[in-house]
Amino acid sequence: MASSGVWYYKLYTLFGNPLFPFFNNIFRSPYASLDKNATRDMMFFQFHGLEKIIYPFYFADHIDRVVTASNDKAVVCYTALFCFVLFALYFAIKIAKFGFKSLLGSWDNILFLFFFLSFYVWQYVFGVYRYFIPTDLICPIIFYVLIYEILNMQRTPVYEPGKKACWAAAVLVAVSFVKGVPDWGRGSYSHPYFEGNIPQEVKEADVLFNANFFSAWIVPVINPQGHVIQINRGLFDFGTKKYWDIYYTYLPKNRASKQYVLFNDPNDQVAKNWAITKFKEHYNMQIDFSSCKKFPVRLSSYKSDITYCSLSVNPGNA
């Protein structure tokens with residue numbers, strides 16, 4: 001709160017939601033969707049049956065379940081999985097030897113509670129691995145603590161349990177990287193993270209409307225001279241007065257404006273119909289689909305074509 005409080009306050013004064021646009025079903029800002037799933041990329045929330053409870057057992061060997069731009073290596077993610085296995089072993093031994101009351105009052109419980117809460121908040125609110133990295137980084141510490149406690153619960157005293165726990169934790173970390181250290185699709189430091197063959201007319205546009213649900217990385221790839229307005233359906237209501245007022249400040253006063261709408265998937269008819277309707281209702285503009293062109297972009301190992309189409313004022317409303 002100390003580090004983010006100023007930003008929370010600014011978001012609250014601007015939009016009426018200190019976490020804008022997240023949790024808008026609670027704060028109910030008029031500038032974002034009230035749908036609690038609007039800020040969630042649902043491709044990461046396809047849980048079925050036991051997956052809801054023991055999700056690490058599923059994504060450990062199928063990393064595509066939790067990343068978008070997966071790297072070229074067939075990496076595994078065993079750290080969280082090992083944590084859950086050790087937790088089960090630790091609790092089983094402790095309850096069998098000392099009963100349920102022995103679980104109360106231990107300072108270790110604060111660490112354990114933090115891990116469980118962090119994991120399940122991540123699983124049900126975020127889903128993509130990059131938001132899990134801070135939690136994943138404390139897994140080696142949990143390895144050590146759990147193994148140390150398990151060794152100390154043995155009937156026969158274990159010689160130097162701390163040293164043995166340290167070595168065992170190191171082995172588990174090493175096994176987690178048996179197929180290579182993951183870079184989560186981010187590429188090497190010597191290679192550009194993203195790039196694209198951007199047409200000059202797109203770079204020089206006054207306004208670019210970013211349609212479909214694709215990430216903000218498209219903006220630094222293009223490095224536009226003008227402005228970008230995100231209009232993917234569901235997240236923001238770009239027809240509200242705030243968007244309207246801001247939009248008109250972007251238009252040049254002494255010449256015709258150059259505006260384009262960007263589509264990540266030109267075959268997504270739902271996104272097209274959404275954009276057509278909103279441009280007509282709120283901006284008196286129409287999309288010229290006959291003018292559509294493509295340009296290639298790359299985000300690490302993820303390659304795609306972006307389609308851009310010019311916009312014009314509806315003749316009847318000019």
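Heavy atoms only: backbone and side chains are in, while hydrogens, waters and symmetry mates are out.
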message: Contact between V145 and F112 at the side-chain level, heavy atoms closer than 4.5 Å - yes or no?
response: yes
message: Looking at Y120, I'd like to know if its OH atom is crowded, meaning that more than 12 non-hydrogen atoms belonging to other residues, nucleotides or ligands lie closer than 6.0 Å.
response: yes
- request: Answer yes or no: is there a donor N or O on one side and an acceptor on the other, between the side chain of S310 and the main chain of S291, under 3.5 Å?
  value: no
field: Heavy-atom side-chain proximity of Y8 to L19 below 4.5 angstrom
entry: yes
- prompt: Under a 4.5 Å cut-off applied to non-hydrogen side-chain atoms, are P224 and V219 in contact?
  reply: yes
query: Is K97 atom NZ crowded by more than 12 heavy atoms from other residues, nucleotides or ligands, each under 6.0 Å away?
result: yes
- prompt: For the residue pair W167 and F143, is the inter-centroid distance of their aromatic rings smaller than 6.0 Å?
  reply: no
- prompt: Got a salt bridge between R255 and D206, using NZ or NE/NH1/NH2 to carboxylate O under 4.0 Å?
  reply: yes
Short side-chain to backbone donor-acceptor contact, N17 and F22, under 3.5 Å: yes
- prompt: Just wondering, do Y12 and L14 contact through their side chains at under 4.5 Å, heavy atoms?
  reply: no
Centroid-centroid under 6.0 Å between F87 and F115 rings: yes
- prompt: Can the SG atoms of C139 and C83 be said to lie under 2.5 Å from each other?
  reply: no
query: What class does the angle between the rings of Y260 and Y308 fall in, given that below 30° is parallel, 30 to 60° is tilted and above 60° is perpendicular?
result: perpendicular
- request: Not counting sequence neighbours, list each pair that qualifies as a salt bridge (charged side-chain N to carboxylate O under 4.0 Å, His left out) and has a residue in residues 103-127.
  value: none
- request: Using modelled atom types only, decide if a donor and an acceptor are shared between the side chain of S176 and the backbone of C77 within a distance under 3.5 Å.
  value: no
- prompt: Do you reckon I110 sits in the same ILVMFWY cluster as L86, going by side-chain contacts under 4.5 Å, direct or chained?
  reply: no
- prompt: Does any non-hydrogen side-chain atom of L117 lie less than 4.5 Å from one of W122?
  reply: no
- request: Would you tell me whether T79 and D136 have side-chain atoms, one donor and one acceptor, within less than 3.5 Å of each other?
  value: yes
query: Looking at F20 versus F27, is the centre-to-centre ring distance below 6.0 Å?
result: no
message: Pairing donors with acceptors under 3.5 angstrom, does anything connect the side chains of T156 and Q154?
response: no
task: Please confirm whether the backbone N or O of E201 pairs with a side-chain atom of K258, one donor and one acceptor, at under 3.5 Å?
output: no
- request: Would you mind reporting whether L50 and Y58 have side-chain heavy atoms less than 4.5 Å apart?
  value: yes
message: Parallel, tilted or perpendicular, judged at 30° and 60°: which one describes the rings of F119 and F132?
response: perpendicular
